[in-house]
Structure formats: C-alpha cells, structure tokens
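First up is the structure itself, then whatever we jot down about it.
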Amino acid sequence: MNKFLKGAMIVGLSAAMVGCSSGSTASDDSESKSESLSGTITAAGSSALKPLVDVAAEQFSNENPDVSITVDAGGSGEGLKQVADKTVTLGNSDVAAEEKLDKDQAKDLVDHQVCVVTMAPIVNKDVGVKDLTKQQLIDIFTGKTTNWKDVGGPDEDIVLVTRPTSSGTRATFQKYALDGNEEASNASMETDDSGVLLQNVTDTKGAIGYVALSYLVDNKDVDTIAIDGVEPTLENTYSGDYKVWTFEHMYTNGEPDKATKAFLDYIMGEKFGKKMESLGYGVSSKMEKTDH
C-alpha cells in the first residue's frame, strides 16, 4: 500500500451533496441522467490541485459529453486573477482569495472548498537525508545552510528548487513549514509547475523542493523529508500531527452556472470522493483538526 494512503479509509461526504444522498433512488438517478448538461468550463490556477481536477474533468466529461472542460495551471495567484477578471470559469487556489487579491477583486468570488492537500519536502535520491527538524528546514530554505553535510548528509551543495511568489504551494509551505520565513530564491530553478519542479529535483544532485502529495503517489524517483520525525502522509495530516497542509479552493465569480455547479458537486460528491485519496488528496470531512 502506498505510504501516503496508509491507514486511510474513505468515508461518505455530506449527504446533501448532489447525487450523494443516502436516500437516492433508482428513479432519482434516472432523472438526473436524463437531464442533458451542456456548456464550457475553463479552470486555471493551483498546480497542486490540477491532477485532481484533471481526473474529475475527464470522468465528468465522459458522463456529460456536451460539457467541455479545460484545465490549466499557472499558480494560485494567476488562477484567482483570471477568475476575478472573468477570463476563466474556475480559479483554483491553495490559499484564500483575500490572501492574493485586493478586497475589490475578491468580493464577488464564491469559495468552493473541495479537498485537503498536503505539501511535502522532497530531495534528490543522492542526498540520503530522510528527516529534518523544522529549524534545519528553515535554515536550508532561507539559504543559511548551504551544504548537506551540516544536516547529516554528504559533503554536497544544497540546490534549492523554488516557486515564484504567485504560487499557493509556496505560500502554504512558507506559512506552515518555514514559520513565515521568506525562502531564498533560485531564479535558474524557479518554476510554478509542480511536475517540472519534481523533475528538476529528480535530475539535480543535492536538490530540495516541495510538492503536493498528489505528485508523489507511486513515485520512487525522489525521497520525502519528515519534519521533526513526522512523515508527510495523509494519515498524519488527518490526525493533525503533520502541519503542512491546506484546504483547496475552487472559486467562481458569483454563483456558478448549471454545468459548473454540477461539476463542483461531482468533485465533492461521494462517488468521486472514493477517488480522492488514491490520488493523494485528503477528504475534508476526515480532518480531526482543522487548525494548525
């Protein structure tokens, strides 16, 4: 069993969510399927959330072939800006809109909280370090510690693979893993594409970065780092022992149209909820503690 799913058991989400009521009948399902949905949905923003939205979009489109869904990344800040400007239907974000937009831009946005995402520090396989204290992690990402030998690793330079300031993943990691300390920048290795960041850490000796667990399901090309002895797993996130996580948001500008609402209900429904943990995301209702 993948370690990110250790101990995880899917639980039913709210019975009020569309299509998920325990009281649904065969006629209800038939009536739901008989309603033809059509429309175009565009989504942009968080790269941490993109794998989940990609899978949901594919499955939803299979059931609703007249709905076209396009999903891009670009970072939480960009997604929020685009949905505020009405250039996309959905702005996907690791952080609340108020953290990235001014009050006038954020006031018309409606928040749809879809899941929990856990951020994990990752290192190149040659580093050999599996556990760091939070202070060691802070010293590495702020540029104070520059050689792995200072934290129990080889005599090798530490290479930071960093995120731009628009990144919600960066904001979450900075807040909860680095206690708010500003991370050092490495322009030559800066990317807001989590897939590219993962590949850069895989290919670069001495590299360290961070990605959502969704990028690490069945991945054996990098090592994850425990913080103060606590591994970044869903089990530890649910229990509150691992602190580097956030709720994922999908924002609409005003209330969603019929097709977009159906898509959001699908993502948060019981049927798709059974897929979430297999993709490395947490089911919101399973969080034992919702504060850090």
Side-chain angles (χ1 to χ4, degrees), residues 45-50 52 73-81 91-103 105-106 109 111 113-123 131-145 160-186 190-194 197-198 201 208-216 224-234 236-251 280-282 284 287-292:
S46 167
S47 63
L49 187 56
K50 187 175 185 295
L52 181 74
S76 297
E78 186 62 26
L80 289 168
K81 180 180 181 297
N92 302 334
S93 179
D94 310 326
V95 297
E98 294 76 13
E99 295 185 34
K100 290 289 184 180
L101 303 175
D102 62 39
K103 187 179 296 185
Q105 288 179 304
L109 300 187
D111 186 7
Q113 189 172 285
V114 294
C115 65
V116 171
V117 67
T118 300
M119 310 298 185
I122 57 172
V123 293
D131 189 2
L132 293 168
T133 67
K134 178 180 275 193
Q135 189 57 54
Q136 287 175 325
L137 197 68
I138 291 170
D139 289 345
I140 287 171
F141 275 97
T142 57
K144 183 177 179 180
T145 299
L160 297 178
V161 183
T162 59
R163 312 296 291 258
T165 56
S166 62
S167 167
T169 299
R170 170 175 171 158
T172 299
F173 193 79
Q174 181 177 330
K175 183 175 182 178
Y176 298 117
L178 305 182
D179 285 348
N181 288 279
E182 190 70 31
E183 67 180 65
S185 176
N186 179 7
E190 181 176 283
T191 175
D192 198 46
D193 186 313
S194 294
L197 186 146
L198 180 62
V201 174
I208 183 170
Y210 46 88
V211 292
L213 288 192
S214 52
Y215 284 87
L216 299 173
T224 57
I225 296 288
I227 303 176
D228 290 326
V230 182
E231 293 186 2
T233 66
L234 286 184
N236 289 335
T237 302
Y238 285 148
S239 68
D241 295 322
Y242 188 78
K243 308 295 186 183
V244 192
W245 62 270
T246 189
F247 288 110
E248 285 292 330
H249 311 266
M250 297 178 74
Y251 282 93
Y281 296 88
S284 299
M287 294 298 296
E288 296 178 17
K289 299 177 181 178
T290 56
D291 57 349
H292 289 62

Under the side chain to side chain donor-acceptor pair (under 3.5 Å) test, residues paired with Glu190 that sit two or more places apart: none
Enter the distance from Glu231:CD to Asp131:CG here, rounded to the nearest 0.5 Å. 8.5 Å
Do Arg163 and Ser194 have side-chain N/O donor and acceptor atoms under 3.5 Å apart? yes
Hey, what do you get for CG (Leu137) to CD1 (Ile225), rounding to the nearest 0.5 Å? 8.0 Å
Pair Asp94, Ser46: side-chain N/O donor-acceptor within cut-off below 3.5 Å: yes
Given the rule in the side chain to side chain contact (heavy atoms under 4.5 Å, CB included) test, do Ile208 and Leu160 qualify, once you have shown the distances and angles that lead to the verdict? CA-CA 5 Å; Ile208 183 170; Leu160 297 178; 3.7 Å; yes
Between Lys100 and Ser167, which heavy-atom pair has the shortest distance, and what is it? NZ-O, 3.9 Å
Just grab all the salt bridge (Lys or Arg N to Asp or Glu O under 4.0 Å) pairs involving residues 239-248, residues at least two apart or on different chains. none
Carefully, step by step, assess Leu198 and Leu216 under the rule side chain to side chain contact (heavy atoms under 4.5 Å, CB included). CA-CA 9 Å; Leu198 180 62; Leu216 299 173; 4.0 Å; yes
To check you understand the geometry: which heavy-atom pair defines the closest contact between Phe141 and Gly209, and what is its length? CZ-O, 4.0 Å
Residue pair Leu109 / Leu101, side-chain heavy-atom distance below 4.5 Å: yes
Can you find a heavy atom in the side chain of Thr246 that is under 4.5 Å from one in the side chain of Val117? yes
On a heavy-atom basis, the closest approach of Val95 and Gly168 is CG1-O, 4.1 Å
With rounding to the nearest 0.5 Å, note down the distance linking CG in Asn181 to OG1 in Thr142. 6.0 Å
Before giving the answer on side chain to side chain contact (heavy atoms under 4.5 Å, CB included), spell out for Val211 and Ile122 the whole-Å C-alpha distance, their side-chain angles and the decisive distance to 0.1 Å. CA-CA 7 Å; Val211 292; Ile122 57 172; 4.0 Å; yes
What's the separation between atom CD1 in Ile227 and atom OH in Tyr242, rounded to the nearest 0.5 Å? 4.0 Å
Inter-residue atom distance Phe247.CZ - Gln113.CD, 0.5 Å rounding: 5.0 Å
Do Asp193 and Ser47 meet the criterion of a side-chain donor-acceptor pair at a distance under 3.5 Å? no
Considering residues at least two apart in sequence or located in another chain, which fulfil the side chain to side chain donor-acceptor pair (under 3.5 Å) criterion with Thr165? none
Hey, what do you get for OH (Tyr281) to OG1 (Thr118), rounding to the nearest 0.5 Å? 10.5 Å
Between Ala177 and Val244 the two heavy atoms that sit nearest each other are CB-CG2, 3.8 Å
With Asp179, which residues qualify under salt bridge (Lys or Arg N to Asp or Glu O under 4.0 Å), at least two apart? Lys134
For Glu98, salt bridge (Lys or Arg N to Asp or Glu O under 4.0 Å) partners two or more places apart: none
Give the intermediate values and the outcome of side chain to side chain contact (heavy atoms under 4.5 Å, CB included) for residues Trp245 and Met287. CA-CA 11 Å; Trp245 62 270; Met287 294 298 296; 3.5 Å; yes
Does any part of the side chain of Thr169, heavy atoms only, come nearer than 4.5 Å to the side chain of Thr172, both counted from C-beta? no
Which residues pass the side chain to side chain donor-acceptor pair (under 3.5 Å) test with Gln135, not counting sequence neighbours? Asp139
Taking every heavy atom of Tyr251 against every heavy atom of Ala96, the minimum-distance pair comes out as OH-CA, 3.4 Å
Answer yes or no: is there a side-chain heavy-atom contact under 4.5 Å between Glu99 and Leu80? no
Do side-chain atoms of Glu78 reach the backbone of Gly75 as a donor and acceptor pair under 3.5 angstrom? no
Determine, step by step, whether Asn186 and Thr162 satisfy the side-chain hydrogen bond (donor to acceptor under 3.5 Å, both in side chains) criterion, reporting the C-alpha distance in whole Å, the side-chain angles of both residues, the deciding distance to 0.1 Å, and the verdict. CA-CA 6 Å; Asn186 179 7; Thr162 59; 5.8 Å; no
Least distance between heavy atoms, Lys50 atom then Tyr215 atom: CB-OH, 4.5 Å
May I ask you to test the Leu49-Cys115 pair for a side-chain heavy-atom distance under 4.5 Å? yes
